[in-house]
Amino acid sequence: MSSSAAKMSKTSRSSTKSDKKPSIKKEKIEVELKKAAAKSEPAKNGNGHVKVKAEAKSEPKQRVKEEAKTPVKQEAKNGKKRAAQADLSQSESPRKRKKKEEEEEVWRWWEEKKYADGRKWTTLEHKGPLFEADYVPLPKHVHFLYNGERVQLKSEAEEVMTFYAKMLDHDYTKKEAFNTNFFNDWRKFMTQSERELIKDLAKCDFGQVADYFKQKSEERKAMSKEEKKALKEEAAEVKKQYGFCVWDGHKQPIGNYKIEPPGLFRGRGEHPKMGMVKKRINPEDVIINCGKESKVPEAPPGRKWKEVRHDNMVAWLASWTENVQGNSKYVMLNAASRVKGERDWQKYEKARKLHRWIDKIRQNYSEDWKSKEMKVRQRAVAIYFIDKLALRAGNEKDDDEADTVGCCSLRVEHIKLHKSVEGVGEHVVEFDFLGKDSIRYQNKVAVEKQVYKNLLLFVENKNGEDELFDRLNTTILNSYLNECMDGLSAKVFRTYNASRTLQEQLDQMTDKHDSINDLVLTYNRANRAVAILCNHQRAVPKTFAKSMENMQKKIQDKKDAIADAEAELKKAKSDLKNLKSVAAKKKFETAENKVKKLVEGLRKLEMQVTDKEENKDIALGTSKLNYLDPRISIGWCKKHNVPIEKVYSKTQRDKFRWAIDMATADYHFFNYEGEIVLRDLSHLEGMDGGANTTQEADETQQDDEEEDDD
DNA sequence: AGCCCTACTTAGGATACGTCAT
DNA sequence: ATGACGTATCCTAAGTAGGGCT
């Protein structure tokens with residue numbers, strides 16, 4: 001696309017004021033731009049290390065370990081000693097189990113200083129990843145058939161064959177790409193003679209093999225309690241060995257300590273590589289990362305690592321390259337670990353910091369909608385989408401990946417422009433594209449006129465498969481955003497708008513007189529608003545229809561009960577009228593109460609049904625885990641005396657321990673206290689104190705300005 | 001200024017597990 | 001005690017983002 005840059009008269013700037021702008025209602029916040037000069041950034045060190053102090057408040061928690069306050073330096077020194085002492089096997093005295101033990105093991109890292117040099121650790125020791133057991137050949141009586149005849153495959157080809165057999169029930173095996181890829185790859189594992197024989201997947205019969213595995217899994221399910229328990233204990237023992245490392249002298253849980261087993265690649269959506277064989281990973285494929293002074297993990301007997309390195313600028317303990325796409329895979333720590341928690345915390349602090357800039361940024365991009373530079377206009381519209389609709393950045397993708405897009409990679413075919421749409425409004429953009437994980441994004445949104453005009457311009461003379469933002473990519477976008485605010489990138493808007501939405505919803509919708517149950521319902525509603533914003537979908541649960549039916553039945557029962565109770569009440573009423581006795585009065589009141597109670601119960605049931613219906617294809621977990629500042633939820637729980645367990649599961653509580661500890665009942669997402677480094681924004685403004693330009697003036701301007709582009 | 005690589009976060013489906021009604 | 005069902009956890013794919021190289 002050539003598109004000679006827009007040459008429009010540079011007229012007075014518009015400042016399309018808030019109005020119906022970003023979907024989320026805007027607060028008027030004073031963004032203090034001044035003191036920018038005053039406080040200059042200390043050492044850069046990227047990451048915009050926001051210096052936040054844990055609300056140093058009181059909280060002299062009883063179980064605070066003394067060492068908790070140990071500054072990093074000293075911590076490092078202690079590291080070795082403690083690592084030795086912790087020694088991966090439990091050196092804990094066996095008698096003090098119980099909660100006490102758990103609690104004592106908590107490392108209150110959020111009360112310590114962070115590394116200022118970008119280092120992730122000083123000492124690190126672990127046992128390396130856990131490998132998958134070798135392949136066990138099928139028993140003699142289980143046969144794979146080709147063309148109706150038994151074929152005894154060599155172990156290599158047999159193993160790959162079982163991968164497919166195990167997936168026979170899955171929809172994947174109905175897809176052509178999956179079958180083709182599988183068959184191609186499978187043949188690579190065959191001997192010459194096997195290859196000569198097996199030439200057509202359609203002639204393969206995996207039935208017996210599939211049944212064999214089904215049977216095995218049945219057997220597993222049917223195991224006795226004791227057997228199951230034994231198995232569980234075994235797994236726990238393995239986890240004890242491999243599931244933890246010693247990180248700066250503290251025992252920390254590892255996330256994925258198990259090496260991924262071989263199998264068939266299950267890409268999402270229409271992935272061109274689905275069905276390809278994902279190979280077994282051997283020690284010789286694995287790079288180990290650990291402390292220089294630490295004991296290097298032992299490779300399995302007779303084997304060796306690909307490499308052992310000591311890089312403390314990264315957080316992974318082991319890595320390998322996966323063969324299907326050539327991506328790196330990493331063994332990293334669990335979300336409850338310090339290194340993950342600290343970054344999570346930082347992420348939310350960054351989002352809170354954005355709150356200080358958001359008005360300014362919105363104003364800027366609104367003005368840029370009229371820039372004479374096409375690139376700037378595209379950037380401005382893209383940021384608007386990212387801000388308003390919580391779209392992802394949209395990095396470019398290769399042809400050998402599923403065809404999905406985000407904001408920057410949107411194509412003309414992904415939007416439709418409508419002058420107006422019934423029930424939506426004027427200047428409507430209709431989105432329909434596949435996003436991450438090939439999840440469909442469909443939305444009709446009314447946008448500012450100027451945005452609409454720009455979009456008309458962007459699609460002009462383009463084909464459906466052309467890029468909507470042909471002058472833009474995520475690198476350009478993010479480097480601009482980074483100029484706006486230190487550390488700002490596209491994804492921060494998702495975090496920001498998600499957390500902001502939760503906070504606002506809770507602020508608005510919470511009725512402090514509600515019961516715990518109703519409060520939780522309110523919370524889930526707020527959570528759902530976020531999930532919808534972020535387009536977090538899920539497959540409708542297989543049991544949905546059935547359980548809905550059950551609930552409807554309950555409702556019917558309740559209604560019947562109400563009818564009966566009402567009849568009783570009616571009778572009691574007339575009795576009372578006739579008899580006017582104390583007993584009759586009492587009876588009447590009882591009947592009245594009964595009806596009231598039943599009606600209340602019905603209301604609750606109906607609410608649950610609505611809730612369930614509205615939730616059937618929406619996943620709340622993703623936003624809860626990744627986008628919502630946990631302190632909002634925890635603060636809210638504390639304020640309204642809702643037990644935290646009502647909102648967070650065990651693992652979630654572990655992950656958000658830092659937040660549970662530090663958030664008080666008055667926590668508010670918008671009250672960012674962090675030491676904020678304000679930067680000179682003048683280069684972005686290109687204008688006076690634009691803030692005060694009046695809207696009316698702009699309006700007039702807007703219309704004529706347009707025609708001339710290109 | 002595009003490409004590739006690395007490191008890390010975010011994501012939904014599969015499955016294990018716990019709970020509740022029977 | 002048992003099975004059905006819903007939720008929590010596990011698994012690993014699929015994103016983002018930034019740096020280095022050409």
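Chain identifiers are assigned alphabetically (A, B, ...) following the order of the sequence lines, protein sequences preceding nucleic acid strands; residue numbering begins at 1 within each chain.
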Measure from the side-chain heavy atoms of [X] and tell me the nearest of [options].
X        : options                : answer
A:Met332 : B:dT10, C:dA13, B:dC8  : B:dC8
A:Ser547 : B:dG12, C:dG6, B:dA14  : C:dG6
A:Asn473 : C:dT12, B:dG2, B:dC8   : B:dG2
A:Asn626 : C:dC5, B:dT10, C:dA13  : B:dT10
A:Asn256 : C:dA14, B:dA11, C:dT12 : C:dT12
A:Lys436 : C:dA14, B:dT6, C:dT9   : C:dA14
A:Lys491 : C:dG15, C:dA17, C:dT9  : C:dA17
A:Ala539 : B:dA14, C:dT12, B:dG13 : B:dG13
A:Tyr627 : C:dC10, B:dC8, B:dT10  : B:dT10
A:Arg392 : B:dA11, C:dT9, B:dC8   : B:dA11

Identify whether any heavy atom of [X] sits under 4.0 Å from a base atom; if not, whether one sits that close to sugar-phosphate; answer base, sugar-phosphate or nothing.
X        : answer
A:Arg220 : nothing
A:Gly267 : sugar-phosphate
A:Asn395 : base
A:Lys120 : sugar-phosphate
A:Ala490 : sugar-phosphate
A:Gln325 : sugar-phosphate
A:Gly621 : nothing
A:Arg538 : sugar-phosphate
A:Ile476 : nothing
A:Lys273 : nothing
A:Thr404 : sugar-phosphate
A:Lys554 : nothing

Give a yes or no on whether the backbone of A:Asn179 and the side-chain of A:Thr173 come within a donor-acceptor separation of less than 3.5 Å.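 Between the backbone of A:Asn179 and the side chain of A:Thr173 there is no qualifying donor-acceptor contact (under 3.5 Å).
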Would the A:Tyr257 and A:Tyr242 ring centres measure less than 6.0 Å apart? no
Between [X] and [N], does any side-chain N or O lie under 4.0 Å from OP1 or OP2?
X        : N      : answer
A:Lys546 : C:dA4  : no
A:Arg343 : B:dC8  : no
A:Lys329 : B:dA7  : no
A:Arg494 : B:dA11 : yes
A:His170 : B:dA14 : yes
A:Thr543 : C:dG6  : yes
A:Lys258 : C:dC11 : yes
A:His271 : C:dA13 : no

For A:Gly326 and for A:Gln537, locate the closest nucleotide of DNA chain B by heavy-atom distance; then report the residue assigned to the nucleotide nearer the 5' terminus. A:Gly326
Roughly, in whole Å, what's the span from CZ in A:Arg471 to P in B:dA1? 11 Å
Just the rounded figure in Å: distance from C1' of C:dG15 to OH of A:Tyr441. 17 Å
For A:Trp658 and A:Trp109, take the angle between the two ring planes, folded into 0 to 90°, and tell me which bin it lands in: parallel under 30, tilted 30 to 60, perpendicular over 60.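 Tilted.
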Would you call the rings of A:Tyr648 and A:Phe656 parallel, tilted or perpendicular, taking 30° and 60° as the class edges? tilted
With nearest nucleotides of DNA chain C determined for A:Asn334 and A:Leu488 from heavy-atom distances, which residue corresponds to the more 5′ nucleotide?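 The answer here is A:Asn334.
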Name of the residue among A:Gln325, A:Arg266, A:Lys175 meeting side-chain contact (heavy atoms from CB on, under 4.5 Å) with A:His271: A:Gln325
Run A:Arg657 and A:Asp654 through salt bridge (Lys or Arg N to Asp or Glu O under 4.0 Å) and show every step you take. CA-CA 5 Å; A:Arg657 196 148 216 154; A:Asp654 285 344; 3.5 Å; yes
Any side-chain heavy atom of A:Leu477 sitting closer than 4.5 Å to one from A:Ile386?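 They are in side-chain contact.
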